[in-house]
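Accompanying notes for the structure given below.
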Amino acid sequence: MDRAVLWLILLGVFLISATSAPVKKKQNVDIYSFYINSTVTSRYATTVITSRVANTLNESQEIQFEVKIPKNAFISKFRMTIEGKTYDGVVKEKEEAQQQYSQAVSRGQSAGLIKSVGRTLEDFKTSVAVAALSKVTFELTYEELLKRRLGKYELLINAQPMQPVADFKMDVHIQEKPGISLLEVKGDLSTGDLANAIKTTRADKDAWVTFYPTQDQQTKCKSCGENGLNGDLLITYDVERKNPKGEVMVSNGYFVHYFAPSDVPRIPKNVVFIIDRSGSMHGRKIEQTRLALLRILSDLDENDHFGLITFDSEVSFWKRELLKATETNLKNAKSFVNEIRDRGATDINAAVLAGVEMINRHPREGTATILILLTDGDPTSGETNIENIMSNVKEAIGTKFPLYCLGFGYDVNFDFLTKMSLENSGVARRIYEDSDADLQLQGFYDEVAVPLLTDIQLKYPGGTNLTKTSFGLYFNGSEIVVSGQITDNSVESFTTEVIAVSKGSNVTYQDTIMTKDPSDVPPENEDFMQRLWAYLTVKQLLERQVILKGQEKEDEKKEALKLSLKYQFVTPLTSMVVTKPQEGEVEVADKPKEGEAPHRPPIMNLRPMPHGAAASPGLFQYHHNSGQPALSGQPGMPGPPAPHPGFRRFIGAQPGIRGGRYPLASYPAALPMPVAEGLDLDPGSKMVTSDQLHTFRWSGAIGVTSMPVSKVDSNRFLLSVDGQSKPLCFDVPVPYKLRLLRNLTSEFSMNGESMTGRNGFHEIAIHYKTNHHLTIKTASIRYTDGQSHLDFLWSQRPTQHTTEDMSLILRHNEIEITMGDIRVSILLHKNNKDEFLWPVVLEQPKDVRLCGIFGEADISYEEIPGSQTPTLKLKDQEVKTSWVMTKDYRLASAPEVGCWLVPFQAITQQELSVFAVTQL
């Protein structure tokens, strides 16, 4: 075993921050070559990233490969070449890949689940041990169909090699049969000195972009530094459109039809904006929404009709009918927009139905109708059942016009908005809480601002296995793409027909092409059209999964899986298994969902200490269960009120220093923490030698880094289970802002923020209705009622503050809060110099839908006897577990208790990102 194990970057620990500050360059790793080659053939882009890295040390070390790829892309190939041997990634069904992953973990081998999402890019990460003075080559391929927006296609390429590279090259070749009408190069990497490294060349049907920056130039761009390039190159282009019937290409029995006419008059539109003004839109969100609406109103055409609806727990109208976009009406509407203020709860059902009714009351022939909903939260008022809301909206709209849903931030239930949009012929778009959120809103509107055709049907006699052929609206600057197979390869011609409505009259576009015409596609790209068809088919099948049910859903899922496996696409149904040279170690790369955070840390081998090596300063402490003292109140202060018969008792949560005392060659950083099996440890009295480290088996997930034991990587939450003496526990990484508990009915929410390397939470915020806000920090406590505020100190005498809706009881290092039908306690723990907060849910209502980390109260499990590894039956699933000792911070004394450690997703059946919030 090598004596040195060096990590360039810790892989994850669940963090979403793929765009965090770059890590300093490591002098013992040399990226001596970094190539990006992207080929675009008829809008279908295939990009290959090749990185060649040398280990310059006289000992082996871990070397990491990390790149960012567009979110719409599918990874289709990955390989590593080490000492002349190639290791290829293989795409497998997700369940099969997960099984291989779990088997690798149980063998103590290296394994990782790689997931991360940004606004437009997602991460692919892997690492491999490279021998002394050896080299490794990484090669990643991803594919995507470029989408036309606002009259342009965009090819986004990210470059962040983490150090200046002597041989850095980016080559892009675009080939378009109708000719290229526009070509622009933008992005972070086109600024400053780097602009001189970009060369563009154009011919009739081809364009080339090269980017060859010197090492010196790689440190001098706007977003670059001593770590080299760090940014994007954005290549935008469009094609000549001489044929209004569209462009058809045929190759090897497959065809693709691009349809984007611009020679038709715009259709007057009816647009209704439904704007969330609930309390969660407070501050920048509502300001940016007002700014975007003012710009959008200015862009309305004089023949358009529009309506404005705002909503919280109530629905308000600017006018109850659609009005023409005259100068006077627009002026009055802008005055209404300027007066929009945040308040109240969120009644999405009533607001959308009001918008539908407004449109239905004023039908206008020869127009296109659009309904646009903007919200940042879940429904909390009126009808709150999501299934009922979707059913109501679908019945009201009845396929007559599309509903577009814009979800503001990460607190919103984006899956709900996505499904409701798709069920009503629209799309959902996330608006990110950044400084340009108003521009994002306006940008979406611009895409749907100019309807040209409605009720579009595309027909292909002689075509089969067609992608989507029916579209409700076609907007100027967009494009309709249909692909399929030709049933008879011997035919000499192929006919396309498009039937649509243009400003009230029917129009038909019919075209015939000769299939035997010589192709403009070079031989190396001849299979692009088949892959384009597969890509588009899988995308649309996955999209339909959201709204389908029963057997039809299963059939289309099977078809999407079959195509994903055949073409080796990493999709939400598949994973890429990467076998590595270290005795069959594997990593599993998954395609993340929109808005999803990475939910599992990568796991690496536990490496024993070499004979004679000095012990690591970190000690792994093991303690026996010391019992659970009961909760006690402060003398002289009222204790907790007796539980209401309609309430249930529920206590939640804890992080934990784990336990038997022995040094580790490296302290486990990845989570969950390990448990020694078959090793007789006498707590506090015995040191384990490196020989012993070779002789016992670990269960659980183990990571490696040189890190002291006091370093906290996660909070461990305890979950008491009715009828079971042994509680469950699960880990959540730090740092994180989390929704701890939320009652959609009573408008109660509790959020908490953890800190890197520290237990518990450093700040907890509790909100009730619109006028009760409590901010609890380790140094102070502040309560506001919307008009005035009260400040408390943890060190002050016991205090009680009560109003009609809430009650605060401050005791020594504990504050108890009752708001509506929920009672919680926040404990202040002081551990040496470390101070942190820990929440405890004391009472919450029965039979009410709750969400958040503490929302899972009615949990049950069964221990499955006879398993080689401890296994629980939890929510009808078998879950591998381990028995761990941990501190119970729900109690002031923080005793050591035992618990069954299970994955977070086994408890919640959801990804961690569902519980993440952007602000407390």
Quick one: does [X]'s side chain get under 4.5 Å of [Y]'s, heavy atoms only?
X    : Y    : answer
L532 : L145 : yes
K245 : V498 : no
E122 : I69  : yes
V271 : I296 : no
F34  : I49  : yes
W208 : D171 : no
E176 : P178 : yes
Q163 : D30  : yes

Taking the six-membered ring of [Y], is the NZ or CZ of [X] close enough (under 6.0 Å from the centre) and on axis enough (within 45°)?
X    : Y   : value
K135 : Y32 : yes
R52  : Y35 : yes
R531 : Y44 : no

Is it true that the side chains of [X] and [Y] contain a donor and an acceptor less than 3.5 Å apart?
X    : Y    : value
S470 : Q457 : yes
E144 : N72  : no
T467 : T537 : no

Measuring from atom [atom1] of [X] to atom [atom2] of [Y], what distance do you get when rounded to the nearest 0.5 angstrom?
X    : Y    : atom1 : atom2 : value
K71  : L121 : NZ    : CG    : 9.0 Å
N252 : F528 : CG    : CZ    : 10.0 Å
D204 : E240 : CG    : CD    : 8.0 Å
L155 : L234 : CG    : CG    : 8.0 Å
L406 : F414 : CG    : CZ    : 9.0 Å
L573 : Q545 : CG    : CD    : 6.5 Å

For the pair [X] (side chain) and [Y] (backbone), establish whether a donor and an acceptor sit closer than 3.5 Å, ignoring hydrogens and angles.
X    : Y    : answer
Q217 : T214 : yes
K591 : A73  : yes
K177 : S42  : no
D304 : D301 : yes
T200 : A207 : no
Q530 : Y254 : no
Q218 : P213 : yes
S421 : V427 : yes

For this session: Determine, step by step, whether F475 and R266 satisfy the side-chain contact (heavy atoms from CB on, under 4.5 Å) criterion, reporting the C-alpha distance in whole Å, the side-chain angles of both residues, the deciding distance to 0.1 Å, and the verdict.
Result: CA-CA 9 Å; F475 299 100; R266 67 180 293 164; over 6 Å; no
Which atom names give the shortest non-hydrogen contact between [X] and [Y], and what distance separates them?
X    : Y    : result
T191 : G187 : CG2-O, 3.8 Å
E139 : V48  : CG-CG1, 3.8 Å
S502 : P265 : OG-CD, 4.0 Å
L229 : P161 : O-CD, 3.7 Å
G89  : Q568 : O-OE1, 4.4 Å
S493 : T512 : CB-CG2, 3.7 Å

NZ/NE/NH1/NH2 to OD/OE distance under 4.0 Å, [X] and [Y]:
X    : Y    : answer
E447 : K147 : no
D238 : R148 : yes
R241 : E479 : yes
K152 : E154 : no
D438 : R295 : yes

For this session: Verify side-chain contact (heavy atoms from CB on, under 4.5 Å) between V538 and Y567, making sure each step is shown before the conclusion.
Result: CA-CA 10 Å; V538 170; Y567 294 94; over 6 Å; no
Exercise. With sequence neighbours left out, what residues match D455 under salt bridge (Lys or Arg N to Asp or Glu O under 4.0 Å)?
Worked result: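 Once residues adjacent in sequence are excluded, D455 has no partner under the salt bridge (Lys or Arg N to Asp or Glu O under 4.0 Å) criterion.
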Problem set entry | Results of salt bridge (Lys or Arg N to Asp or Glu O under 4.0 Å) for E559 - residues two or more places apart only |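 By the salt bridge (Lys or Arg N to Asp or Glu O under 4.0 Å) rule, E559 matches K562.
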For this session: Name all residues meeting the ring-ring contact (aromatic ring centres under 6.0 Å, His included) criterion together with Y258; count only those two or more places apart in sequence or in a different chain, and write none if there are none.
Result: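 For Y258 there are no ring-ring contact (aromatic ring centres under 6.0 Å, His included) partners, ignoring immediate neighbours.
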Once the angle between the rings of [X] and [Y] is folded into 0 to 90°, is it parallel (under 30°), tilted (30 to 60°) or perpendicular (over 60°)?
X    : Y    : answer
F259 : Y509 : perpendicular
F74  : Y535 : tilted
F138 : F78  : parallel

Exercise. Would F444 and Y404 count as a close aromatic pair, with their ring centres under 6.0 Å?
Worked result: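 Aromatic pair counts; centres sit under 6.0 Å.
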For this session: Test R79 against every option in T86, D88, T141 by the side-chain hydrogen bond (donor to acceptor under 3.5 Å, both in side chains) rule and name the one that passes.
Result: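 Of T86, D88, T141, side-chain hydrogen bond (donor to acceptor under 3.5 Å, both in side chains) with R79 is met by D88 alone.
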Exercise. S564 and T571: side-chain hydrogen bond (donor to acceptor under 3.5 Å, both in side chains), yes or no, with the steps?
Worked result: CA-CA 7 Å; S564 299; T571 71; 3.3 Å; yes
For this session: With ring-ring contact (aromatic ring centres under 6.0 Å, His included) as the test, would you mind laying out the steps for F124 and Y142 before giving the verdict?
Result: CA-CA 11 Å; F124 176 89; Y142 62 86; over 10 Å; no
Problem set entry | Derivation of the side-chain contact (heavy atoms from CB on, under 4.5 Å) call for F65 and V128 | CA-CA 9 Å; F65 173 68; V128 65; over 6 Å; no
Exercise. Is there a side-chain contact (heavy atoms from CB on, under 4.5 Å) between V507 and V264 once you walk through the steps?
Worked result: CA-CA 10 Å; V507 293; V264 289; 5.8 Å; no
